[in-house]
Amino acid sequence: MEDRNYYKILGVSRDASEEEIKKSYRRIAMQYHPDRNPGSKEAEEKFKIASEAYEVLRDPEKREIY
């Protein structure tokens, strides 16, 4: 797996609150959701990456390890 900066992907700072992370993820998820961008592989990939970033940053334990 390549190194990804999850904070940069979601557009939040390293000390962002859980609420800021959630808000940013939802904005990005709506923008790149496959249902809103049918047939776009690029949008689908960005959606998956944003989801991966959110999964790590929303969990305090995973965030600490990251």
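Heads up: numbering here begins at 1 and tracks the sequence. These numbers were taken from a predicted model, which means no experiment stands behind them.
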Taking all heavy atoms of [X] and all of [Y], pick out the closest pair and write down the distance.
X     : Y     : value
Ser24 : Gly11 : OG-N, 4.3 Å
Ile9  : Ala50 : CG2-CA, 4.1 Å
Arg36 : Met30 : CD-O, 2.8 Å
Arg63 : Ile21 : NH1-CD1, 3.3 Å
Tyr7  : Arg14 : CE1-NH1, 2.8 Å

Using 0.5 Å steps for rounding, measure from the [atom1] atom of [X] to the [atom2] atom of [Y].
X     : Y     : atom1 : atom2 : answer
Leu10 : Glu52 : CG    : CD    : 10.5 Å
Ser40 : His33 : OG    : NE2   : 13.0 Å
Asp59 : Glu18 : CG    : CD    : 9.0 Å

Can we say Glu42 and Lys46 salt-bridge, meaning some charged N sits less than 4.0 Å from an Asp/Glu carboxylate O?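 Salt bridge: yes.
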
Decide if the gap between the ring center of Tyr32 and the ring center of Phe47 is smaller than 6.0 angstrom.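 Tyr32 vs Phe47: aromatic centres not under 6.0 Å.
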
Would a single hydrophobic cluster contain both Tyr66 and Ile49, if residues Ile, Leu, Val, Met, Phe, Trp and Tyr are joined by side-chain heavy-atom contacts under 4.5 Å?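 Yes, Ile49 and Tyr66 fall within the same hydrophobic cluster.
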
Passes side-chain hydrogen bond (donor to acceptor under 3.5 Å, both in side chains), Ser51 versus Tyr25? Steps please. CA-CA 8 Å; Ser51 296; Tyr25 167 70; 3.2 Å; yes

Apply salt bridge (Lys or Arg N to Asp or Glu O under 4.0 Å) to residues Lys23 and Glu19 and explain how you reach the verdict. CA-CA 6 Å; Lys23 188 176 181 180; Glu19 188 61 35; over 6 Å; no

Output yes when a side-chain donor or acceptor of Glu20 lies under 3.5 Å from a complementary backbone atom of Ser17, and no otherwise.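 Yes: the side chain of Glu20 pairs with the backbone of Ser17.
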
Arg58 side chain near Lys22 side chain, heavy-atom distance below 4.5 Å: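 No; the side chains remain at least 4.5 Å from each other.
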
